[in-house]
Amino acid sequence: MATAIEFDHVGKQYRLGLVSTKTLSHDLHRWWQMSVLGKDDPYLKIGDTNDRTKAGSSEYVWALRDIDFKIEQGDVVGIIGKNGAGKSTLLKLLSRVTGPTVGSIRARGRIGALLEVGTGFHPEMTGRENIYMNGAIMGMSKQEISMKLDEIIDFSGCERYIDTPVKRYSSGMTVRLGFAVAAHLDPEILVVDEVLAVGDAEFQKKAIGKMQDVSRSEGRTVLFVSHNMTSIKQLCKSGILLENGMISYIGTAEDTIFKYLAINNNEIDQPLLDRTDRAGNGKIRFSRAAFRNLNGDITNEIFSGQPVSIEVDFVINDSTVNLENAIIACGLTDDYGTPIVSWVSDEMEHNFSNLNSGKFSLEIPALNLRPQNYYLSLQLSIGTTEEKHFCDKIIGAARLSVLNNDLFIRGINLKLGRDRQALLYARFVNP
């Protein structure tokens, strides 16, 4: 089978704080070394690894380094890794949004890319006009685009607004139209970044199905970046794991996911304050999370259907923060990062009037979940629903194993077994 994409020892270097060197001294030094002395570019020999969690010694950083792989025509490849690992940079290089610093990239055929919300759209033009403009950029004639137009509009679900300027669209509508254009204008290579997460569940399912059809029946090549491991497993045949700007593993999608989850699971055992895989402004930081059983004992194992409480501590790094406006979200995900259930304090109309104690808990009267491992996600923000300022967000703060409960499964405890709404009866508790 023919090779559709080939990365040959590709690297991308950035100077921190600037688009490029853009200084006379650096440019003169580069010219002298390369043009006069006939040496290699001096700035390619320096630079730190792309590890966003550590301060580097150089003002240059390698966003990607020594990326070398081939993808055959018709393959569906998932690219996974932590935030900042270089996934989006890799797709931008492939889509020619930017060029590599070193190495070469070869791609056979037209590339349809959906990298960010609104990629390739002119905000002042209508949805219909943008479809024609994108098709023309891809080298299609007006007649070819017109043949696909009804199908694109129908798939996007934006028919009512198709003659409205795109700047009036919501982010979800923009993604819908953008994906419809990228997937239907006959690209030989379809590149999709995390933007599908903006769409609703119905559209995500629809988009995954379309990518499967494009790859299986039409023989197109698909590169898919996502933090949703369930989507990666469902759609992709093989996977590429990026870590700190370099390829950590290449294999089947399932094996790549296993490697990625193993990295995340190792971090769960670290103290929460030492975890670097988090987001937020740092004014408040989660410091401890634990599960307690019916007897009040700390545990990592709960029988299905039994009560459990989630106990969380945090530290306040900014005394000016008004905790009366705190909004706290707790959630459980499965092994693949798929959200299973979540609880949000403002939606539950809970007011944290005395949150200054630095702790809170969530009491769940019956954990009616199937036996498997679950992972706790925590998020704390200050403000209103309209304007939130995220202080801390961490995924995989703690692990809980839900065990098989024979009494619960067999239905002996009929009230608990039938009460599937018990998870909704959970409540936040102030200390």
Side-chain angles (χ1 to χ4, degrees), residues 76-79 87-88 90-92 94-98 107 109-218 220-228 230-232 234-236:
V76 184
V77 181
I79 302 176
K87 304 183 299 298
S88 295
L90 188 149
L91 296 190
K92 288 177 181 178
L94 175 62
S95 304
R96 298 184 178 90
V97 174
T98 185
R110 290 187 299 223
I111 299 175
L114 187 60
L115 305 180
E116 296 176 1
V117 176
T119 296
F121 283 174
H122 193 295
E124 299 294 337
M125 296 171 64
T126 66
R128 188 187 304 273
E129 292 168 339
N130 271 294
I131 293 174
Y132 278 98
M133 181 183 71
N134 273 261
I137 291 173
M138 295 178 66
M140 300 180 68
S141 67
K142 184 175 181 181
Q143 183 179 5
E144 289 177 307
I145 301 169
S146 297
M147 292 176 61
K148 294 276 187 178
L149 185 63
D150 290 341
E151 188 178 354
I152 292 171
I153 295 174
D154 181 64
F155 187 92
S156 70
C158 301
E159 183 174 1
R160 184 173 184 180
Y161 305 98
I162 200 64
D163 292 310
T164 300
V166 169
K167 67 180 180 180
R168 311 286 185 198
Y169 288 18
S170 67
S171 58
M173 288 171 59
T174 306
V175 166
R176 280 176 167 269
L177 185 60
F179 181 83
V181 170
H184 286 81
L185 290 184
D186 295 331
E188 279 77 23
I189 300 171
L190 179 61
V191 179
V192 183
D193 205 342
E194 187 65 62
V195 290
L196 290 186
V198 178
D200 52 35
E202 179 264 337
F203 176 70
Q204 290 182 35
K205 183 178 180 181
K206 194 175 180 180
I208 293 291
K210 179 60 180 176
M211 284 190 282
Q212 288 175 329
D213 291 342
V214 164
S215 62
R216 293 173 184 173
S217 60
E218 301 176 26
R220 310 291 169 83
T221 306
V222 178
L223 265 69
F224 182 46
V225 167
S226 179
H227 288 287
N228 188 325
T230 302
S231 297
I232 293 286
Q234 177 184 357
L235 175 66
C236 302

(message) For a side-chain contact (heavy atoms from CB on, under 4.5 Å) check, start with the C-alpha distance between Val181 and Asn130, then their side-chain angles and the critical distance, and finish with the verdict.
(response) CA-CA 9 Å; Val181 170; Asn130 271 294; over 6 Å; no
(message) If you apply the rule side-chain contact (heavy atoms from CB on, under 4.5 Å), what do you find for Leu235 with Phe224, and how did you get there?
(response) CA-CA 9 Å; Leu235 175 66; Phe224 182 46; 3.6 Å; yes
(request) Go through Tyr169 and Phe121 one step at a time and tell me if the side-chain contact (heavy atoms from CB on, under 4.5 Å) criterion holds. (result) CA-CA 11 Å; Tyr169 288 18; Phe121 283 174; over 6 Å; no
(request) Mind running side-chain contact (heavy atoms from CB on, under 4.5 Å) on Thr126 and Ile162 for me, showing each step along the way? (result) CA-CA 6 Å; Thr126 66; Ile162 200 64; over 6 Å; no
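Rounded to the nearest 0.5 Å, atoms CD1 (Ile152) and CG (Asp150) are 9.5 Å apart. The line from NZ of Lys206 to CE of Met211 is 13.5 Å long, rounded to the nearest 0.5 Å. Note that CE of Met173 and CZ of Arg160 are 10.0 Å apart. Values are rounded to the nearest 0.5 Å. Within the model, atoms NZ of Lys142 and CE of Met147 stand 15.0 Å from one another, a figure rounded to the nearest 0.5 Å. Ile131 CD1 to Met125 CE: the interatomic distance, rounded to the nearest 0.5 Å, is 10.5 Å.
Counted within 6.0 Å of CD on Glu159, heavy atoms from surrounding residues, nucleotides or ligands total 12 or fewer; the atom is thus considered open.
Taking all atoms of both residues into account, the shortest heavy-atom contact from Ile208 to Ser231 is CD1-CB, 4.1 Å. Nearest approach of Phe155 to Ala180, heavy atoms of both residues: CD2-CB, 3.9 Å.
Contact of the His184 side chain with the Phe179 side chain is not registered, since no non-hydrogen atoms from C-beta on lie closer than 4.5 Å. Counting heavy atoms from C-beta on, the side chains of Lys148 and Glu151 come closer than 4.5 Å. Between Leu223 and Leu94 the shortest side-chain heavy-atom distance falls below 4.5 Å. No side-chain heavy atom of Ile189 sits under 4.5 Å from any side-chain heavy atom of Arg220. Contact check for Thr221 versus Ser215: no side-chain heavy atoms found under the 4.5 Å cut-off. No side-chain heavy atom of Val166 sits under 4.5 Å from any side-chain heavy atom of Glu124. In this structure, Pro187 and Ile111 have side chains that are not in contact, with every pair of non-hydrogen atoms separated by 4.5 Å or more. Within the 4.5 Å cutoff, side-chain heavy atoms of Leu91 are placed close to those of Ile79.
Residues forming a side chain to side chain contact (heavy atoms under 4.5 Å, CB included) with Arg110 (at least two apart in sequence, or on another chain): Met138, Met140, Asp186, Glu188. Not counting sequence neighbours, Lys210 has no partner by the salt bridge (charged side-chain N to carboxylate O under 4.0 Å, His left out) test.
Checking Ser146 against Tyr132 by side-chain atom types alone, a donor-acceptor pair falls below 3.5 Å. Checked by atom type, the side-chain pair Asp193/Ser88 shows a donor-acceptor distance below 3.5 Å.
Of the possible donor and acceptor atoms, one in the side chain of Ser156 sits under 3.5 Å from a partner among the backbone N and O of Ile153.
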